[in-house]
Amino acid sequence: MALYSVNYCTKLMSDRQLKYLERRLLQQKYVIKEKIPEMKRALDSVVLLKEKKDADQVIKTTFELSEHVWANAEIPSDNETVFLWLGANVMVEYSLEEAIELLSDNITKGKATLEKFSEELNILKDQIVVTEVNTARVLNHDIRQRKNP
């Protein structure tokens, strides 16, 4: 005679929580994957500003005021600082060197986090497969038990 019912066992082995964790990790991975190219573009821009400052050249550029509205601008060569969006409507002023260091560190950390998420997702997928196989085994065992009274 069985100690636990099949329904109880399959409920315990439900992979709903694992699927929820997988969705959450995939969302976080997607967010970071989208932010890394933005950080690279920001780093390239700050490096360009530093190069032009060192060469004592004025930069002529266009920037977006709002959707489909652009303006021309000149950035003087004596510019020492940049403003970076940190998120949550927070903008901070950094020197060019500090901005390059911060953006480089953030890109490195972002890539490391992406790798970590990929590893965790692989482990989680393995756990989901094991749970599904075990659930199938329990159900198959129950079917065999019902056939053989």
Side-chain angles (χ1 to χ4, degrees), residues 4-143:
Y4 298 105
S5 71
V6 172
N7 290 336
Y8 178 75
C9 290
T10 55
K11 186 185 262 186
L12 283 177
M13 292 187 294
S14 173
D15 62 348
R16 278 185 276 151
Q17 290 178 335
L18 295 175
K19 294 279 189 181
Y20 171 75
L21 287 173
E22 181 184 30
R23 280 192 307 274
R24 235 177 90 214
L25 280 173
L26 284 170
Q27 288 171 344
Q28 291 173 341
K29 183 178 176 182
Y30 177 77
V31 167
I32 290 176
K33 205 173 192 178
E34 291 295 313
K35 285 185 180 182
I36 289 176
E38 291 177 25
M39 288 188 284
K40 285 182 180 178
R41 284 192 298 275
L43 179 62
D44 291 343
S45 297
V46 174
V47 167
L48 177 70
L49 283 172
K50 183 157 175 43
E51 289 172 356
K52 295 294 184 175
K53 177 187 170 280
D54 292 342
D56 200 30
Q57 295 176 342
V58 175
I59 300 173
K60 293 183 181 184
T61 187
T62 57
F63 64 95
E64 188 174 13
L65 291 174
S66 65
E67 194 172 330
H68 303 296
V69 179
W70 294 80
N72 294 323
E74 286 187 5
I75 301 172
S77 62
D78 62 347
N79 189 23
E80 298 281 333
T81 60
V82 292
F83 290 87
L84 297 178
W85 284 105
L86 298 182
N89 292 329
V90 175
M91 183 182 272
V92 179
E93 181 178 14
Y94 289 100
S95 70
L96 294 175
E97 292 80 16
E98 288 174 334
I100 290 171
E101 183 180 333
L102 175 74
L103 289 168
S104 298
D105 288 346
N106 286 350
I107 291 169
T108 304
K109 288 176 186 174
K111 288 179 180 178
T113 303
L114 266 179
E115 284 183 32
K116 182 180 132 194
F117 281 153
S118 294
E119 291 171 6
E120 288 178 6
L121 277 167
N122 288 336
I123 292 169
L124 198 56
K125 286 178 183 177
D126 289 344
Q127 290 175 344
I128 290 170
V129 168
V130 167
T131 302
E132 289 172 347
V133 167
N134 287 336
T135 302
R137 286 179 178 166
V138 167
L139 292 173
N140 288 339
H141 177 72
D142 182 54
I143 291 170

Within this structure, what is the [atom1]-[atom2] distance for the pair [X] and [Y], rounded to the nearest 0.5 Å?
{"X": "Ile59", "Y": "Leu48", "atom1": "CD1", "atom2": "CG", "value": "4.5 Å"}
{"X": "Glu119", "Y": "Asn122", "atom1": "CD", "atom2": "CG", "value": "8.0 Å"}
{"X": "Thr131", "Y": "Asp126", "atom1": "OG1", "atom2": "CG", "value": "10.5 Å"}

Test side-chain hydrogen bond (donor to acceptor under 3.5 Å, both in side chains) applied to [X] - qualifying residues, sequence neighbours left out:
{"X": "Gln57", "answer": "Lys52"}
{"X": "Lys109", "answer": "none"}
{"X": "Asn89", "answer": "none"}
{"X": "Ser77", "answer": "Asp56"}

Shortest non-hydrogen contact from Ala73 toward Phe63: CB-CE2, 3.4 Å

Just jot down the salt bridge (charged side-chain N to carboxylate O under 4.0 Å, His left out) partners of [X], sequence neighbours excluded, or say none.
{"X": "Glu51", "result": "none"}
{"X": "Asp54", "result": "Lys50"}
{"X": "Glu93", "result": "none"}

Any side chain to side chain donor-acceptor pair (under 3.5 Å) involving residues 60-76? Give me the pairs, sequence neighbours left out, ordered by first then second residue. none

Side chain to side chain contact (heavy atoms under 4.5 Å, CB included) between Leu84 and Leu103, intermediate numbers included: CA-CA 9 Å; Leu84 297 178; Leu103 289 168; 4.2 Å; yes

Are any non-hydrogen side-chain atoms of Leu124 and Gln127 less than 4.5 angstrom apart? yes

Mind checking side chain to side chain contact (heavy atoms under 4.5 Å, CB included) for Val133 and listing every partner two or more places apart, or none if nothing turns up? Val129, Arg137

Partner set under side chain to side chain contact (heavy atoms under 4.5 Å, CB included) for Val130, not counting sequence neighbours: Asn134

Would you say the side-chain atoms of Asn140 pair up with the backbone N or O of Asp142, donor to acceptor, closer than 3.5 Å? no

Ignoring hydrogens and angles, write down the donor-acceptor pairs under 3.5 Å from the side chains of residues 17-46, residues two or more places apart or on other chains.
{"unit_1": "Lys29", "atom_1": "NZ", "unit_2": "Ser118", "atom_2": "OG", "d": "3.1"}
{"unit_1": "Ser45", "atom_1": "OG", "unit_2": "Arg41", "atom_2": "O", "d": "3.0"}

Considering only residues two or more places apart or on different chains, which pairs with a residue in residues 75-88 satisfy salt bridge (Lys or Arg N to Asp or Glu O under 4.0 Å)? Lys53-Glu80

